[in-house]
Amino acid sequence: MPVIEARPSAIEFDPGSAALLVIDMQRDFLEPGGFGAALGNDVSLLGRVVAPCRDALRIARAAGIAVLHTREGHRPDLSDAPRAKVHRSPPGLRIGDPGPMGRILIRGEPGHEIVPELAPEPGEPVIDKPGKGAFYQTDLELMLRNRGIETLLVAGVTTEVCVHTTVREANDRGLRCIVLADCCGSYFPEFHEAALAMVAAQGGIFGWVSDVAALRRAMGETGRDTA
Ligand code: TIU
């Protein structure tokens with residue numbers, strides 16, 4: 001079985017019972033005028049994550065590792081959007097308000113789509129979630145159990161918000177989480193680092209931290225990706 005170098009220790013995993021979970025790589029978080037920007041963030045910080053995520057997707061697909069994607073967003077009538085969440089942005093920049101990529105964080109709008117470089121391939125499930133955690137009010141757990149998934153390779157944004165919440169949820173459900181550090185990003189570099197440190201601390205209290213180069217080596221590939 002492949003072994004991937006990671007913190008706090010290398011870990012063995014079976015590609016047949018592993019899945020790459022790509023979290024919320026949506027235009028709403030990565031491009032100007034979306035939800036991330038509406039919250040006051042510098043969205044340009046997240047662009048560097050796209051190329052490593054593309055590498056991870058290519059490696060996983062080639063290795064037969066299942067791939068799943070998530071998107072954070074709400075129904076057009078906002079019936080699944082907590083008022084407390086909607087009211088946290090200033091009027092005019094709230095969930096459901098019109099923006100350059102359509103209504104902010106609303107399913108079906110251009111801003112809600114995954115960035116084209118990381119577009120899901122046919123057969124790869126896309127889980128629409130109303131919250132930060134990918135297990136909350138979704139059928140992700142059922143899908144993973146039906147596929148016999150035991151290990152999650154985790155990528156996406158943002159490290160300390162949706163990635164961390166999802167890793168915590170997954171860890172409590174008995175899944176082994178390997179967070180790919182360079183495939184995750186934050187509007188706050190210091191939070192990114194702290195969030196990764198929290199995962200691997202205490203002997204791996206929430207999981208393991210690795211990167212896309214280690215994944216490539218674990219899958220027996222050599223050389224560098226050019227994506
Ligand atoms: N604001 C922020 O850092 N993140 C989110 O609102 N959602 C995700 O992390 N996907």
Side-chain angles (χ1 to χ4, degrees), residues 2 4-6 13 15-16 18-32 34-37 41-73 101 110-129 134 140 143 147 149 151-164 166-167 170 177-187 189 192-193 195-196 199 207-227:
I4 185 167
E5 300 147 48
F13 72 97
L20 172 63
L21 184 65
V22 186
I23 297 176
D24 300 359
M25 289 298 289
Q26 298 162 255
R27 298 183 64 199
D28 253 318
F29 294 103
L30 278 93
E31 296 185 21
F35 183 59
N41 296 304
D42 174 3
V43 295
S44 69
L45 287 166
L46 300 193
R48 68 182 67 150
V49 178
V50 173
C53 279
R54 209 167 135 170
D55 290 350
L57 279 168
R58 188 195 58 69
I59 295 163
R61 287 165 178 156
I65 293 172
V67 174
L68 300 94
H69 309 257
T70 71
R71 300 185 297 200
E72 180 179 347
M101 294 188 288
H112 185 256
E113 291 304 318
I114 292 170
V115 296
E117 298 93 324
L118 308 179
E121 289 197 344
E124 294 176 356
V126 179
I127 292 103
D128 282 326
K129 60 187 182 69
L140 175 61
M143 287 187 186
R147 287 171 181 232
I149 301 299
T151 302
L152 287 183
L153 300 160
V154 187
V157 295
T158 61
T159 319
E160 79 280 13
V161 182
C162 290
V163 171
H164 227 259
T166 299
V167 166
C177 294
I178 304 171
V179 181
L180 301 175
D182 50 354
C183 297
C184 298
S186 171
Y187 305 118
H192 171 80
E193 293 302 332
L196 296 175
V199 169
W208 290 258
V209 176
S210 188
D211 58 32
V212 74
L215 177 64
R216 185 186 307 116
R217 288 192 293 274
M219 293 300 111
E221 294 188 17
T222 55
R224 285 180 53 81
D225 278 296
T226 52

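We use all heavy atoms of the structure for the numbers below, so side chains are in, but hydrogens, waters and symmetry mates are not.
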Report task. Using atom types as modelled and distance alone, determine if a side-chain donor or acceptor of Glu117 lies under 3.5 Å from a backbone N or O of Arg54. Result -> no

Query - Test item: Asp28 side-chain N/O and Phe35 main-chain N/O as donor-acceptor pair under 3.5 Å - result: yes

Requested in this report: Can you measure from CG (Asn41) to OG1 (Thr158) and round to the nearest 0.5 angstrom?
Outcome: 8.0 Å

**Report entry** Least distance between heavy atoms, Met101 atom then Pro110 atom
**Finding:** O-CD, 3.3 Å

Requested in this report: Quick one: closest heavy-atom pair of Thr151 and Ile149, and the distance?
Outcome: O-CG2, 3.5 Å

Query raised in the report: If you look at every heavy atom in Glu5 and Ala214, which pair is closest and at what distance?
Result: O-CB, 3.7 Å

Report summary line: dist Met219:CE -> Ile4:CD1 (nearest 0.5 Å) comes out at 7.0 Å

Report task. Taking all heavy atoms of Ser186 and all of Leu45, pick out the closest pair and write down the distance. Result -> O-CB, 3.9 Å

**Report entry** Set of salt bridge (Lys or Arg N to Asp or Glu O under 4.0 Å) partners for Glu31, sequence neighbours left out
**Finding:** Arg27

Query raised in the report: Taking the side chain from Glu72 and the backbone from Lys129, do they hold a donor-acceptor pair closer than 3.5 Å?
Result: no

**Report entry** Min side-chain heavy-atom separation Asp128-His112 under 4.5 Å
**Finding:** yes

Query raised in the report: Looking at Cys162 and Asp24, what are the two nearest heavy atoms and their distance?
Result: SG-OD2, 3.3 Å

Query raised in the report: Under 4.5 Å between any side-chain heavy atoms of Leu46 and Tyr187, yes or no?
Result: yes

**Report entry** Set of side-chain contact (heavy atoms from CB on, under 4.5 Å) partners for Pro32, sequence neighbours left out
**Finding:** Val43

Query - Spacing of CD1 belonging to Ile59 relative to CG belonging to Leu180, to within rounding of 0.5 Å - result: 9.0 Å

Query raised in the report: If you look at every heavy atom in Ala170 and Leu152, which pair is closest and at what distance?
Result: CB-CD1, 3.8 Å

Query raised in the report: What distance separates Arg48 CZ from Leu30 CG, expressed to the nearest 0.5 Å?
Result: 11.5 Å

Query raised in the report: Does Ser210 reach the main-chain N or O of Ile178 with its side chain, forming a donor-acceptor pair under 3.5 Å?
Result: no

Report summary line: Interatomic distance, CZ@Arg58 vs CG@Leu20, rounded to 0.5 Å, equals 12.5 Å

**Report entry** Pairwise distance CG(Leu153) to SG(Cys183) - rounded to 0.5 angstrom
**Finding:** 9.5 Å

